[in-house]
Undergrad: 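Before I ask anything, here is the structure I am working with.
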Amino acid sequence: TMPHSHPTNTSLSELHLTGIPGLQHLHHWISIPFCIMYLVALAGNSTLLCVIKADPSLHLPMFLFLSMLAVIDLVMSTSITPKMLGIFWFHSTAISLDACLTQMYFVHAFSVMESGVLVAMAFDRYVTICNPLRYLSILTSPVVAAIGLATLLRAVVFMSPLTFQIRRLPLCSPAVMDHSYCEHMAMLKLACRDAAFSNTYSLSVSTYVVSFDSLLIALSYTFILRAVLSLSSPQARKKAFSTSSSHLFYVPGLLSMYMERYHQELPPHVQVLLADLYLLIPPAFNPLIYGIRMKQIRDGARRVISQRRRMAGGIGPGPGH
């Protein structure tokens with residue numbers, strides 16, 4: 001007989017997500033930090049986008065990349081958290097195959113985009129510190145737009161074939177995934193046919209993305225470190241370090257993306273929790289790490305708030321100002 005958590009009447013246009021396998025009795029408790037992190041991610045990234053949009057002095061390449069990161073984080077966390085909380089709170093485990101594939105596409109494509117934007121931000125730091133006088137002539141608006149477009153295209157090119165392959169695989173009933181969102185490795189386990197090609201493809205894509213992007217970020221920071229150490233004044237050194245150190249927070253995120261492919265020997269609930277946290281922690285902490293630690297963002301927020309107050313009080317600056 002089937003365990004009662006596995007619905008037997010699963011039609012193959014519909015799948016079921018178990019949440020966190022083996023920890024179903026703790027779902028309500030686990031949902032509390034997950035919900036808090038999601039709300040922090042929504043508030044932090046939206047605030048960051050509003051401040052950057054409202055303050056013209058922040059319309060610089062560095063903040064445009066930060067805006068891209070905020071949009072990616074909003075999409076990435078929204079593509080999994082509402083459904084996950086639905087599973088935790090209301091046991092709504094069912095998800096249609098198309099919704100599942102869409103969720104999988106968004107999660108993985110936006111992870112690849114996030115990695116690309118972090119490379120762009122490392123390049124931006126490199127130009128700022130190693131070539132400050134040519135900063136705005138190197139990172140012009142068209143260049144920033146082209147970098148953004150390239151990260152988007154790369155994600156689409158990598159993820160589309162994988163999604164089409166999985167769409168065409170016959171899935172075995174009962175289609176129950178031991179996961180809290182549609183992760184492609186978990187989906188491949190439901191295939192009735194040998195899914196070796198999809199497995200190899202996804203492994204090579206994640207290997208390429210993680211190795212290539214980490215290498216570029218490491219190169220940027222090697223050059224930055226050399227430049228920083230050659231600065232004579234301790235103040236200049238401290239400033240250069242503080243603008244660059246934010247990136248180091250992200251390295252664990254890149255590593256965990258890679259570990260997800262290899263930690264098959266870990267217990268299933270640990271694997272699923274790690275995969276969830278990888279998608280929940282960076283969106284919640286990126287605005288704090290990259291945004292609030294930057295003086296320009298804090299000053300911009302103050303300017304926007306005081307401007308709103310003046311407008312609300314009806315004492316806006318006159319036309320002569």
Side-chain angles (χ1 to χ4, degrees), residues 45-46 48-76 106 108-160 205 208-228 230-231 236 239-251 253-254 257 282-283 286-287 289-291 293-297 299-300:
N45 288 295
S46 309
L48 203 56
L49 285 168
C50 290
V51 169
I52 292 171
K53 187 176 183 294
D55 190 340
S57 72
L58 296 177
H59 296 177
L60 289 169
M62 173 165 64
F63 302 109
L64 294 177
F65 290 133
L66 206 49
S67 304
M68 290 177 201
L69 194 65
V71 170
I72 290 167
D73 282 342
L74 284 171
V75 173
M76 205 156 71
F106 270 84
H108 295 300
F110 276 80
S111 299
V112 173
M113 277 166 66
E114 175 134 6
S115 190
V117 171
L118 288 165
V119 172
M121 287 168 75
F123 176 64
D124 172 273
R125 299 291 76 216
Y126 162 70
V127 179
T128 308
I129 290 167
C130 302
N131 215 333
L133 299 178
R134 294 189 52 218
Y135 179 68
L136 286 174
S137 60
I138 293 173
L139 284 163
T140 58
S141 296
V143 168
V144 172
I147 292 173
L149 198 62
T151 58
L152 175 70
L153 283 176
R154 180 178 75 154
V156 169
V157 165
F158 283 164
M159 272 315 293
S160 301
V205 163
Y208 160 74
V209 170
V210 173
S211 327
F212 183 70
D213 291 4
S214 306
L215 180 70
L216 289 181
I217 291 173
L219 269 175
S220 290
Y221 279 102
T222 309
F223 288 127
I224 288 170
L225 212 57
R226 275 177 48 196
V228 167
S230 67
L231 291 171
K239 188 178 175 221
F241 264 125
S242 74
T243 56
S244 309
S245 60
S246 353
H247 256 283
L248 304 176
F249 284 93
Y250 204 78
V251 174
L254 283 174
M257 179 177 166
N286 281 346
I289 292 166
Y290 294 111
R293 285 183 70 235
M294 285 187 188
K295 191 176 180 302
Q296 299 103 305
I297 294 273
D299 294 346

Undergrad: I need the minimum non-hydrogen distance between Phe63 and Leu58, along with the two atoms involved.
TA: CB-O, 3.0 Å
Undergrad: Tell me whether the rings of Phe158 and Tyr208 are parallel (<30°), tilted (30 to 60°) or perpendicular (>60°).
TA: perpendicular
Undergrad: As an exercise, state the distance from CG of Leu216 to CG of Leu118, rounded to the nearest 0.5 Å.
TA: 12.0 Å
Undergrad: Do you know which two heavy atoms are closest between Ala155 and Met113, and how far apart they sit?
TA: CB-CG, 3.5 Å
Undergrad: To the nearest 0.5 Å, how far apart are CG in Leu66 and CG in Asn286?
TA: 8.5 Å
Undergrad: Compare every heavy atom of Ala70 with every heavy atom of Leu48, then report the nearest pair and how far apart it is.
TA: CD2-CB, 4.5 Å
Undergrad: Would Met62 and Arg125 count as a side-chain contact (heavy atoms from CB on, under 4.5 Å) if you check the C-alpha gap in whole Å, the side-chain angles of each, and the deciding distance to 0.1 Å?
TA: CA-CA 8 Å; Met62 173 165 64; Arg125 299 291 76 216; 2.7 Å; yes
Undergrad: Please report the closest heavy-atom contact between Pro282 and Pro287, naming both atoms and the distance.
TA: O-CD, 4.4 Å
Undergrad: Which residue, Leu139, Asp124, Leu152, Val117, forms the side chain to side chain contact (heavy atoms under 4.5 Å, CB included) with Ile147?
TA: Leu139
Undergrad: Nearest 0.5 angstrom please: Ile72 CD1 to Phe110 CZ, how far?
TA: 7.0 Å
Undergrad: Is there side-chain contact between Ser115 and Phe212, with heavy atoms separated by less than 4.5 Å?
TA: no
Undergrad: I need the minimum non-hydrogen distance between Phe65 and Ala120, along with the two atoms involved.
TA: CE2-CB, 3.7 Å
Undergrad: Nearest 0.5 angstrom please: Leu64 CG to Leu69 CG, how far?
TA: 12.5 Å
Undergrad: Rounded to the nearest 0.5 Å, what separation is found between the CE atom of Met121 and the OG atom of Ser220?
TA: 12.0 Å
Undergrad: Check Ile129 against Ala227 and note the closest heavy-atom contact, atom names and distance.
TA: CG2-CB, 4.1 Å
Undergrad: In the structure I gave you, are the side-chain heavy atoms of Tyr221 and Ile217 within less than 4.5 Å of one another anywhere?
TA: yes
Undergrad: Is the backbone of Pro283 close enough, under 3.5 Å, to the side chain of Asn45 for a donor and an acceptor to pair up by distance?
TA: yes
Undergrad: Determine whether Glu114 and Asp73 make a side-chain contact, defined as any pair of heavy atoms from C-beta on separated by less than 4.5 Å.
TA: yes
Undergrad: Considering residues, nucleotides and ligands other than Phe106, do more than 12 of their heavy atoms fall under 6.0 Å from its CZ?
TA: no
Undergrad: So do Leu60 and Leu136 actually touch side chain to side chain, heavy atoms under 4.5 Å?
TA: yes
Undergrad: I need the Tyr126 OH to Thr222 OG1 distance, nearest 0.5 Å.
TA: 11.0 Å
Undergrad: Is there a side-chain contact between Val71 and Leu49 in this structure, where contact means two heavy atoms from C-beta onward sitting under 4.5 Å apart?
TA: yes
